[in-house]
Amino acid sequence: MAGAAWPLSAASALLPAPLSLTLLLGSLVVVLALGVAAVFLEHIRKIGCMHSIERSAVSDAFFEDPGSLKKVPCPSIFDPAEKYISLIVPAYNEECRLPEALTETLNYLKQRSSADKSFTYEVLIVDDGSTDRTSKVAFEYVKKHNIDNVRVLLLGRNHGKGEAVRKGMLHSRGELLLMLDADGATKVTDLAKLEAEVRALAGKAKSSLAPSASSPQRLSDVEIAVFGSRAHLEKQALATRKWYRNFLMKGFHLVVLLTAGPGIRDTQCGFKMFTRSAARKLFTNIRLKRWCFDVEIVYLCKHLRIPMAEVSVSWTEIPGSKVRMTSILHMVFELLLIRVGYGLGIWKIYS
């Protein structure tokens, strides 16, 4: 019995020195790997718990009206649509780029509204905890165009683009909801392309209904997601980027393919349109708050059987991008969260 109680050090003394060192290092690697895995899974669990709290929480968010100094309660994505289209603009420290994009966007919307009275709209600027004058710039547009057409949602602190888009979607009033970047890289006129694709898919969905179920259906009730795409510009981009940026982006696209599967070539274009019912399902399920929420949207569309389409849009490189080389590593980490969180059933998908 005494021999069975030998300490590990005594047992290791009987082994050759190189083998003992190998066993020791191997044990340390295993312990370290298990520790990292435990921390990673706990992080995924916490994200899931936070999502459950956010889903059940009653929103007390409001829009500030700089004209009357009154607080306007935020609507809910669960309310009936009051506008034809909502444009959600996430903004973080965008005081320089925001004015040009907003002016172009509102001019286009006003022209369409003048030509077609049924084209009602709203623009939601979601200030994601900016430390510059982004909110002041945005409120100037509220004063000029009134709070029924332009609204500013202040998040207080920086959460990430995904959270800014999510909050904007959940407090929108449109039948159609379009997210677009604050830099104006994609021309707002291209929303007509996405809009036409939504209507085409809606027409197919209605024609596939059984005769007994072919009652009139509003556009907001059909679940559809349409993604603006820069994939047709890829050859030009490859020719102008540095080799290591191309290498990183190719690797990122491969990981995206392994995570979300095939179907959408450009998941990261900040120009996406959803019907109200699709947005309701997607943005009450989404967990990621920063870079890869776009990939999570594609993943959720597939699992919720929401029809998707990809439409080529014009795109211009605008100086001031917030994406850095380190952002790629953060993106890969978030892709791993998606794969493990949903793959192991830690994150539930609510339909």
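All values reported here derive from a predicted model rather than from experimental measurement.
Between Ile85 and Met273 the shortest heavy-atom distance is CD1-CE, 4.1 Å. Val313 and Leu194 get closest at one heavy-atom pair: CG1-CD1, 3.9 Å. Closest approach of Glu94 and Ala182 over heavy atoms only: CG-CB, 3.9 Å. Considering every non-hydrogen atom in both Cys292 and Ile338, the closest pair reads O-CD1, 4.0 Å. Across Glu296 and Asn285, no two heavy atoms sit closer than the pair OE2-O, 4.1 Å. Closest non-hydrogen pair, His171 versus Leu124, comes out as O-CD2, 3.6 Å.
The CG atom of Asp294 sits 9.5 Å away from atom CG of Leu288, with the distance rounded to the nearest 0.5 Å. The CD1 atom of Ile297 sits 11.0 Å away from atom CD1 of Ile264, with the distance rounded to the nearest 0.5 Å. With rounding to the nearest 0.5 Å, the separation of CG in Leu170 from SG in Cys74 is 10.5 Å. Of the inter-residue distances, the one linking Ile44 atom CD1 with Leu336 atom CG reads 6.5 Å to the nearest 0.5 angstrom. Note that the CG atom of Leu282 and the SG atom of Cys301 stand 4.5 Å from one another [nearest 0.5 Å]. Expressed to the nearest 0.5 Å, how far CG of Asn146 lies from CG of Asn149 amounts to 4.5 Å.
Placement of Phe78 and Val72 within a single hydrophobic cluster is found when ILVMFWY residues are connected by side-chain heavy-atom separations under 4.5 Å, directly or transitively. Using a 4.5 Å cut-off between side-chain heavy atoms of Ile, Leu, Val, Met, Phe, Trp and Tyr, with links allowed through other members, Leu337 and Met50 fall into different hydrophobic clusters. Clustering ILVMFWY residues whenever any of their side-chain heavy atoms sit less than 4.5 angstrom apart, transitively, puts Leu41 in a cluster other than the one holding Val36. Residues Leu344 and Val295 share a hydrophobic cluster, clusters being chains of Ile/Leu/Val/Met/Phe/Trp/Tyr side chains in contact below 4.5 Å.
Side chains of Thr134 and Asn93: no donor on one and acceptor on the other come within 3.5 Å. Side-chain N/O atoms of Tyr141 and Thr103 include a donor and acceptor closer than 3.5 Å.
Using a distance-only test at 3.5 Å, with no hydrogens or angles considered, no donor-acceptor pair links the side chain of Ser172 to the main chain of Gly174. No donor-acceptor pair closer than 3.5 Å links the side chain of Glu223 to the backbone N or O of Pro307. Using modelled atom types, one side-chain atom of Asp128 and one backbone atom of Gly160 make a donor-acceptor pair closer than 3.5 Å. Side chain of Thr275 to backbone of Ser220: no donor-acceptor contact under 3.5 angstrom is found. A donor-acceptor contact shorter than 3.5 Å is absent between the side chain of Ser229 and the backbone of Val311. Checking side-chain atoms of Arg151 against main-chain N and O of Ile147 turns up a donor-acceptor pair under 3.5 Å.
Salt-bridge formation is detected for the pair Glu54/Lys289: a Lys NZ or Arg NE/NH1/NH2 atom is positioned less than 4.0 Å from an Asp or Glu carboxylate oxygen. Salt-bridge formation is not detected for the pair Lys70/Asp65: no Lys NZ or Arg NE/NH1/NH2 atom is positioned less than 4.0 Å from an Asp or Glu carboxylate oxygen. A salt bridge does not link Glu140 to Lys136: none of the charged side-chain nitrogens sits closer than 4.0 Å to a carboxylate oxygen.
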#### Entry: side-chain hydrogen bond (donor to acceptor under 3.5 Å, both in side chains) between Asn158 and Arg290, intermediate numbers included
CA-CA 10 Å; Asn158 180 251; Arg290 292 196 175 274; 3.2 Å; yes
### Task
Give the intermediate values and the outcome of side chain to side chain contact (heavy atoms under 4.5 Å, CB included) for residues Leu87 and Thr105.
CA-CA 9 Å; Leu87 280 70; Thr105 296; 3.6 Å; yes
### Query
Given Ser130 and Asp127, is the side-chain hydrogen bond (donor to acceptor under 3.5 Å, both in side chains) satisfied, shown in steps?
CA-CA 6 Å; Ser130 298; Asp127 185 348; 2.6 Å; yes
### Task
Apply side chain to side chain contact (heavy atoms under 4.5 Å, CB included) to the pair Trp291 and Lys161, showing each step before the final yes or no.
CA-CA 7 Å; Trp291 298 108; Lys161 182 180 177 181; over 6 Å; no
### Message
Go through it in stages, so that I can follow the logic: the residues are Lys83 and Asp148, the test is side chain to side chain contact (heavy atoms under 4.5 Å, CB included), and I'd like the CA-CA distance, side-chain angles, deciding distance and then a yes or no.
### Response
CA-CA 10 Å; Lys83 298 278 188 178; Asp148 188 52; 2.8 Å; yes
### Working for side chain to side chain contact (heavy atoms under 4.5 Å, CB included), residues Leu106 and His145
CA-CA 9 Å; Leu106 287 162; His145 297 272; 3.6 Å; yes
### Query
Under the side-chain hydrogen bond (donor to acceptor under 3.5 Å, both in side chains) criterion, do Thr186 and Asp181 qualify, and how do the steps go?
CA-CA 8 Å; Thr186 305; Asp181 288 340; over 6 Å; no
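Taking Arg280 as the reference, nothing meets the side chain to side chain donor-acceptor pair (under 3.5 Å) condition, with sequence neighbours excluded. For the side chain to side chain donor-acceptor pair (under 3.5 Å) test, residues two or more places apart in sequence or in another chain that qualify with Glu122 are Ser86, Arg173.
Counting non-hydrogen atoms of neighbouring residues, nucleotides and ligands closer than 6.0 angstrom, the NZ atom of Lys71 reaches no more than 12 such neighbours. By the 6.0 Å contact criterion, NZ on Lys187 is open, its count of non-hydrogen atoms from other residues, nucleotides or ligands being 12 or less. Taking a 6.0 Å sphere around CD of Glu100, one finds it holds 12 or fewer heavy atoms contributed by other residues, nucleotides or ligands. No more than 12 heavy-atom neighbours from other residues, nucleotides or ligands sit within 6.0 angstrom of CZ on Arg305. The neighbour count for Arg339 CZ, taken as heavy atoms of other residues, nucleotides or ligands under 6.0 Å away, does not exceed 12.
Cation-pi geometry between Arg55 and Tyr350 is met: under 6.0 angstrom from the ring centre, within 45 degrees of the axis.
Between Phe274 and Phe283, the ring planes lie perpendicular to each other; the angle is over 60°, past the 30° to 60° tilted range.
A heavy-atom distance below 4.5 Å is found between the side chains of Arg287 and Tyr342. Counting heavy atoms from C-beta on, the side chains of Ser314 and Asp190 come closer than 4.5 Å. Side-chain contact between Arg276 and Ile77: present, with at least one pair of heavy atoms (C-beta onward) separated by less than 4.5 Å. Looking at heavy atoms from C-beta onward, Leu178 lies out of side-chain contact with Ile88 at the 4.5 angstrom threshold.
Ring centroid separation for the pair Phe333 and Phe40 comes in under the 6.0 Å cut-off. Between Tyr84 and Tyr121, a ring centre-to-centre spacing not shorter than 6.0 Å is recorded. Between Phe271 and Phe227, the gap from one ring centroid to the other reaches at least 6.0 Å.
Val165 pairs in a side chain to side chain contact (heavy atoms under 4.5 Å, CB included) with only one of the listed residues (Lys167, Met169, Glu163), which is Met169.
Its side chain within the 4.5 Å cluster rule, Val30 clusters with Leu34 among the Ile, Leu, Val, Met, Phe, Trp and Tyr residues.
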